[in-house]
Amino acid sequence: MKQIFLCKDRLIFPWVRPIWVFLPLFILIMLPTWASEILSVSGFGTLGYQADNRSDVATIRDLSQRPKDGYATGPTWRLDSRLGVQIESRPDPRVDLVVQGLAYDHYKANLNNTITLAYAALRPTVNWNIRLGRLGYDAFLMADYRNVGYAYPWVRPPTEFYGWIPIFSVDGADAAYHFSGSDGIWSLKAQGGKSQVWMPINGGIGGGYHFKTDNLATLSASWQSASWRVKGAYSRFTSASDIPLLAPLQAGLAQVASANLPATSAQAADLLQHVSLEGARISYTTLGATYDDNTWLIQAEMGHTTATADIVPQGNMGYASLGRHFGAWMPFFTFSTYRPKSALNDTAYDLGATLNQGLRDPSVYMANSTRIDQHTLSVGVRWDFTPRAAFKVQLDTMRSHAPGCGLRSISPTLRTQDIHLNQLTATVDFIF
Amino acid sequence: MRPLLTLLCCLGVCSVAMVQPTQAEVDVIVSPENPLRTVTASEVSDLYLGRTRSITEGGVSVAIRPYDMVDGLVRDAFFMNLNGMQINQVNAYWARLRFSGEVLQPSHLPDAQAMLDTVSHDHNAMGYVDATLVNDCVKILLRLGGGAHVPPSP
């Protein structure tokens with residue numbers, strides 16, 4: 001049934017499997033515009049250096065990154081450094097064509113993962129904007145420009161809010177309607193499609209897996225005025241792939257679940273659901289606001305995630321940041337936090353002594369290993385030393401609580417311990 | 001150590017120069033064929049920050065294609081007098097819009113002559129130039145600078 005669905009999916013929606021169909025077509029359309037000088041090339045980048053006080057913990061910026069040597073990583077250029085190039089064309093005043101590539105240190109670097117944007121935008125009227133292709137994810141205030149360090153004051157977006165998001169681009173379409181109201185501009189947007197990204201397991205020591213989503217739908221409403229930008233969004237999707245490492249555990253639980261053992265089978269089925277990524281339904285609800293009057297910068301965002309499987313990180317998260325412009329300087333202070341839902345409790349399940357040891361305990365351990373329970377205090381300064389480049393330095397002090405590895409790569413023995421880590425990062429962010 | 005101090009001093013001078021307020025007057029211009037007769041600084045700011053693509057006057061919505069200048073004193077003066085934004089803030093703002101794929105940035109023209117030529121030949125174009133360089137080929141909608149937003153004389 002599953003195979004039939006996949007085949008049907010590809011036949012009916014060939015465009016949402018897009019990058020190999022869309023990209024050549026896109027280049028063919030773009031080529032004639034080169035001669036007419038309406039093709040432009042621009043880009044952004046970050047050169048960053050990070051150091052921390054723990055030799056047994058490797059910090060990550062997002063889930064696609066693999067620390068150089070697994071659990072233990074010393075001072076590194078790899079965490080924040082990145083380079084993006086964007087090619088744009090406007091063959092008609094109502095049509096934009098955009099391709100963006102991003103090079104950074106991630107688990108699996110190939111052309112598909114390097115292309116972050118590849119879309120055609122159509123504006124049938126001044127109020128409508130319709131895009132088709134590979135798009136930025138619209139469910140958060142900053143998700144679609146989290147790699148553009150020059151666009152925000154910090155060395156990286158608050159990790160507790162942006163580090164765990166497993167969606168980096170959306171292959172599909174969106175439509176936005178803009179209108180004036182309440183002394184500002186409103187924008188209502190609907191986005192649909194699917195996404196994919198390769199992620200390492202245990203810092204790459206356990207290999208990796210291809211996380212795919214399907215039926216991704218996002219609705220957002222935003223309002224902005226001279227000083228304010230407010231955005232609320234709701235997004236939901238279904239996981240379309242699983243973690244191969246969990247296959248033996250899932251097979252064992254499935255066998256017990258189908259054995260029709262009183263009480264035991266039902267508990268095994270419940271555990272199976274919690275350690276099965278494929279088919280899990282996940283939702284994000286977010287609300288964020290930015291205020292910038294050219295003197296003060298205040299930005300805050302909060303979010304809530306739900307999932308039908310405990311192996312998917314879920315809970316409440318938020319951050320608040322305060323900055324003050326002093327000409328080209330801006331010192332800032334940020335607090336961010338991720339509060340997870342309750343950990344899965346092994347005492348809630350009893351499969352019998354043998355099965356408890358062989359299936360229940362590892363299932364509960366795996367489901368809880370992805371929990372994120374941490375907060376970070378950050379203080380730093382941004383200095384715009386030219387109109388197109390900024391130097392930033394930021395000190396973070398992070399605390400995370402067991403169980404779970406939070407947003408970092410740690411050895412299994414550390415997953416039952418609270419962790420305190422301080423890190424110092426300096427970056428130069430630029431655009432060209 | 002000395003090269004590092006020299007570099008820091010140069011960068012410091014650059015950053016101080018970036019925040020110097022400017023008194024230059026800048027005219028917001030359109031083609032004489034454009035139906036708009038006047039605009040507010042707020043409307044122009046919304047256009048140049050990618051928030052809107054039209055201006056409504058007398059119940060009629062007019063599609064506008066804004067043209068920007070390359071980095072320089074006139075661009076500094078335009079944004080500082082328009083909405084109080086320093087040029088690094090404008091560039092950071094547009095980095096968000098442009099590289100998120102939300103809106104493409106207006107085309108950047110190299111000098112006043114290119115701006116005057118472009119705006120005078122495009123009925124939907126809007127631009128800005130140093131007020132001392134405006135000619136009869138364009139229509140002035142708004143004068144910025146001198147501490148106030150001044151509508152042009154009829």
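Reminder, nothing fancy here: chain letters follow the sequence lines and each chain counts from 1. These values consider heavy atoms only, across backbone and side chains, with no hydrogens, waters or symmetry-generated copies. Please read these numbers as outputs of a predicted model, since none were measured by experiment.
Here the options are B/Met80, B/Gln89, B/Gln86, the test is side chain to side chain contact (heavy atoms under 4.5 Å, CB included), and the partner is A/Asn294; only B/Gln89 passes.
Of all non-hydrogen atoms in A/Ile185 and B/Arg51, the two that sit nearest each other are CG2-O, 3.3 Å. Here the shortest heavy-atom pairing between B/Ala63 and A/Val126 reads CB-CG1, 4.0 Å. Contact between A/Pro387 and B/Ile87 at its shortest, heavy atoms only, is CB-CG2, 3.6 Å. Contact record, B/Gly101 with A/Tyr119: O-OH, 2.9 Å, taken as the closest heavy-atom pair. Of all non-hydrogen atoms in A/Gln86 and B/Phe99, the two that sit nearest each other are OE1-CD2, 3.3 Å. Taking both residues in full, the closest heavy atoms of B/Ser100 and A/Arg131 are given as O-NH1, 4.0 Å, listed atom of the first, atom of the second, then distance.
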As a quick check of understanding, evaluate side chain to side chain contact (heavy atoms under 4.5 Å, CB included) for A/Phe385 and B/Asn88, giving each step before the final call. CA-CA 9 Å; A/Phe385 60 93; B/Asn88 59 303; over 6 Å; no
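Most heavy-atom pairs under 4.5 Å with chain A, from the set B/Gln105, B/Arg65, B/Arg96, B/Glu102: that is B/Arg96. Of the listed residues A/Phe179, A/Phe391, A/Phe44, A/Tyr152, the one with more heavy-atom pairs under 4.5 angstrom with chain B than any other is A/Phe44. For the set A/Arg146, A/Lys189, A/Met330, A/Arg123, the count of heavy-atom pairs under 4.5 angstrom toward chain B peaks at A/Arg123.
Only the side chain of B/Ser54 comes within contact range of chain A, judged by heavy atoms closer than 4.5 Å. Of the atoms belonging to B/Asn91, heavy atoms from both backbone and side chain fall under 4.5 Å from chain A.
In this structure, CE in B/Met85 is found 7.0 Å from CG in A/Asp292, a value given to the nearest 0.5 Å. Residue B/Arg53 holds its CZ atom at 5.5 Å from NE2 of A/His178, rounded to the nearest 0.5 Å.
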